[in-house]
Amino acid sequence: MMRTRPLKVALLGCGVVGSEVARIMTTHADDLAARIGAPVELAGVAVRRPSKVREGIDPELITTDATALVKRGDIDVVVEVIGGIEPARTLITTAFEHGASVVSANKALLAQDGAALHAVAEENGGDLYYEAAVAGAIPLIRPLRESLAGDKVNRVLGIVNGTTNFILDKMDTTGAGYQEALDEATALGYAEADPTADVEGFDAAAKAAILAGIAFHTRVRLDDVYREGMTEVTAADFASAKEMGCTIKLLAICERAADGGSVTARVHPAMIPLTHPLASVRGAYNAVFVESDAAGQLMFYGPGAGGAPTASAVLGDLVAVCRNRLSGATGPGESAYAALPVSPMGDVVTRYHISLDVADKPGVLAQVATVFAEHDVSIDTVRQQGKDGEASLVVVTHRASDASLDGTVEALRSLDTVRGVASIMRVEGE
């Protein structure tokens, strides 16, 4: 039997995502009510510019006083899609303290202060759901913290930023340089006017922190995630990747150590074999590859950003939270019981592709090989091309630690025959 009194929803932010959330709540009102067991009512919308025309939203609902809105006391669920750290953190905390549950898409805030927000939610008997914070419309958070709750996740490997994937895909398929591909992404609306958060890996790192925390039942903050952007990736790197049967992606990688005693979380460009499922992810799409003991290998794929896709994830959380309100229950909170240490990047073991500019003369390869051997880095393959006294030497290693590779590169730079290190890139997805 359906309850007639509506559940009241406050919306913080009415931009690309917020306006889609409001639209879907209005156009799908009957379906949402049937799925929840009670109607949902948009009770207020907090914005910065009240004069802007917002089609389909009653102007009477618009307010610039977000604090007063979340303090009303009759609000059941606050949907936060304003982003950033403040005032979002204070507004979410205030919402919990005044009896509401919260649905958020705020990856930066959750990566930085997720533990504190979960604690406030638990203290006040509220829910904190955030499916939309990672990979847009792709169901990922809920499968990790609910569907795989009885399994042991060992690795999460994914493309979690559509802007960077679009740029790298253009460089791969058309031969464009980085700036040319970025300009196209900007023109098409995939990249912001200031793309730093995307291309320098900040966005992906926040998502990696959230994924690692859920997957490994360990608190992982943004500062724990190693981050390397993709602005230095060149057409020459793609040419080298193709010679190896690979492509290049900006990956978020969260791993449990082989002995199970620690975890790592990192974001950086990497070569992956064309045979790996992530290699075929094109354009602005996202995909995440999960490896666990019982379920084996799972892949989640779909649009990772945009108003409607992200709103879809927000509305899915809204339905779940509203159902919990009706039943008097709460959903999963923070699970950090494992409390595993997060290892530094220097301990990470992977393969490497190193391109060196060297003198084209006898003995160079022997010198380079000696340096690798002295640092216990095993060489898998070597390729050398020379012309007019200069040469390019490409070395692909077997698995080695990041720290040992750093020592190797430092020693290589000291050789008179090595003119420079053209590029270093990790090789993943074996």
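For the pair Val78 and Ala95, the tightest heavy-atom approach, listed with the atom from each and the gap, is CG2-CB, 3.7 Å. Residues Thr186 and Ala191 share a closest heavy-atom pair of OG1-CB, 3.7 Å. Pairing each heavy atom of Val160 with each of Ala252, the nearest pair is CG2-CB, 3.9 Å. Across all their heavy atoms, Val409 and Ile424 have their closest contact at CG2-CD1, 3.6 Å. The shortest heavy-atom contact between Asp127 and Ala329 is OD2-O, 4.3 Å. Residues Leu405 and Ile354 approach most closely at CD2-CD1, 4.1 Å, considering heavy atoms.
Here the side chain of Ser101 pairs no donor or acceptor atom with the backbone of Asp76 at under 3.5 angstrom. Of the possible polar contacts, one joining the Thr310 side chain to the Gly306 backbone as a donor-acceptor pair under 3.5 Å is found. Between the side chain of Arg323 and the backbone N or O of Arg35 there is at least one donor-acceptor pair closer than 3.5 Å. Within the 3.5 Å criterion, the main-chain N or O of Ala208 finds no donor-acceptor partner in the side chain of Lys107. Looking only at distances, no side-chain donor or acceptor of Arg54 sits under 3.5 Å from a matching main-chain atom of Ser51. Panel note: side chain Ser401, backbone Asp347; no donor-acceptor pair is recorded below 3.5 Å. Looking only at distances, a side-chain donor or acceptor of Thr397 sits under 3.5 Å from a matching main-chain atom of Tyr352. Side-chain N or O atoms of His375 include none that pairs as donor or acceptor with a backbone N or O of Val377 at under 3.5 Å.
Under the ring-ring contact (aromatic ring centres under 6.0 Å, His included) criterion, Tyr130 pairs with His118, sequence neighbours left out. Judged as a side-chain hydrogen bond (donor to acceptor under 3.5 Å, both in side chains), and not counting sequence neighbours, the contacts of Glu255 are Arg155, Arg266. Checked against side chain to side chain contact (heavy atoms under 4.5 Å, CB included), Leu365 has the following partners two or more places apart in sequence or in another chain: Val382, Gln384, Leu393. With sequence neighbours left out, Val364 forms a side chain to side chain contact (heavy atoms under 4.5 Å, CB included) with Val358, Lys361, Val368, Thr417.
More than 12 heavy-atom neighbours from other residues, nucleotides or ligands sit within 6.0 angstrom of CD on Glu243. Shown here is Arg48, whose CZ atom has no more than 12 heavy atoms of other residues, nucleotides or ligands within 6.0 Å.
Considering Val77, Val321, Ile36 as possible partners of Leu7, the one that fulfils the side-chain contact (heavy atoms from CB on, under 4.5 Å) test is Ile36.
Distance CG/Asn124 to CD/Glu97: 6.0 Å, rounded to 0.5 Å. One distance of note links CG of Asp31 with OG1 of Thr27; it measures 9.0 Å at 0.5 Å rounding. One finds the CG atom of Leu251 at 6.5 Å from the CD atom of Glu428 (value rounded to the nearest 0.5 Å). Atom OG1 of residue Thr247 and atom NE2 of residue His276 lie 12.5 Å apart, to the nearest 0.5 angstrom. If you take OG on Ser378 and CZ on Arg399, they are separated by 12.5 Å, rounding to the nearest 0.5 Å. Here the straight-line distance linking atom OG1 of Thr264 with atom CE of Met345 works out to 7.5 Å at 0.5 Å rounding.
Side-chain contact, Ser262 with Ser343: a donor N or O sits under 3.5 Å from an acceptor N or O. Between the side chains of Tyr190 and Asn165, no donor N or O sits under 3.5 Å from an acceptor N or O. A donor atom on one side chain and an acceptor atom on the other are found under 3.5 Å apart for Ser335 and His217.
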With a cut-off of 3.5 Å and sequence neighbours excluded, list every side-chain donor-acceptor pair involving residues 174-182.
unit_1, atom_1, unit_2, atom_2, d
Thr174, OG1, Lys170, O, 2.5
Thr174, OG1, Ala176, N, 3.3
Gln179, NE2, Asp183, OD1, 2.9

Would you mind writing out the side-chain donor-acceptor pairs for residues 224-235 within the sub-3.5 Å range, not counting sequence neighbours?
unit_1, atom_1, unit_2, atom_2, d
Asp224, OD2, Arg221, N, 2.9
Tyr226, OH, Glu228, OE1, 2.7
Arg227, NH1, Glu200, O, 2.8
Glu228, OE1, Arg426, NH1, 3.1
Thr234, OG1, Ala236, N, 3.3
Thr234, OG1, Asp237, N, 3.2
Thr234, OG1, Asp237, OD2, 3.2

Let me check something: any side-chain donor-acceptor pairs from residues 284-301 under 3.5 Å, sequence neighbours excluded? List them with distances.
unit_1, atom_1, unit_2, atom_2, d
Ser292, OG, Asp151, OD2, 2.7
Ser292, OG, Ala295, N, 3.3
Asp293, OD1, Asn154, ND2, 2.8

I'd like a table of donor-acceptor pairs (distance under 3.5 Å, sequence neighbours excluded) in which one partner is a side-chain atom from residues 80-87, with atom names and distances.
unit_1, atom_1, unit_2, atom_2, d
Glu80, OE1, Ser104, OG, 2.6
Glu80, OE2, Ile82, N, 3.0
Glu80, OE2, Gly83, N, 2.9
Glu80, OE2, Asn106, ND2, 3.4
Glu86, OE1, Thr90, N, 3.4
Glu86, OE1, Thr90, OG1, 2.9
Glu86, OE2, Arg89, NE, 3.0
Glu86, OE2, Arg89, NH2, 3.4
Glu86, OE2, Thr90, OG1, 3.1

Show me the donor-acceptor pairs within less than 3.5 Å that the side chains of residues 132-146 make with the rest of the protein, sequence neighbours left out.
unit_1, atom_1, unit_2, atom_2, d
Arg142, NH2, Asp317, OD1, 2.7
Arg145, NH1, Pro332, O, 3.4
Arg145, NH2, Leu128, O, 3.4

- Query: What do the steps show when you test Leu278 against Leu157 for side chain to side chain contact (heavy atoms under 4.5 Å, CB included), and what is the final call?
  - Reply: CA-CA 9 Å; Leu278 292 179; Leu157 171 75; 3.7 Å; yes

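Annotation: salt bridge (Lys or Arg N to Asp or Glu O under 4.0 Å) contacts involving residues 11-22, sequence neighbours excluded, comprise Glu20-Arg23. Sorted by first and then second residue, the pairs that involve residues 279-289 and meet salt bridge (Lys or Arg N to Asp or Glu O under 4.0 Å), not counting sequence neighbours, are Asp169-Arg282, Asp172-Arg282. The stretch residues 205-220 participates, sequence neighbours left out, in these salt bridge (Lys or Arg N to Asp or Glu O under 4.0 Å) pairs: Asp203-Lys207, Arg219-Glu334.
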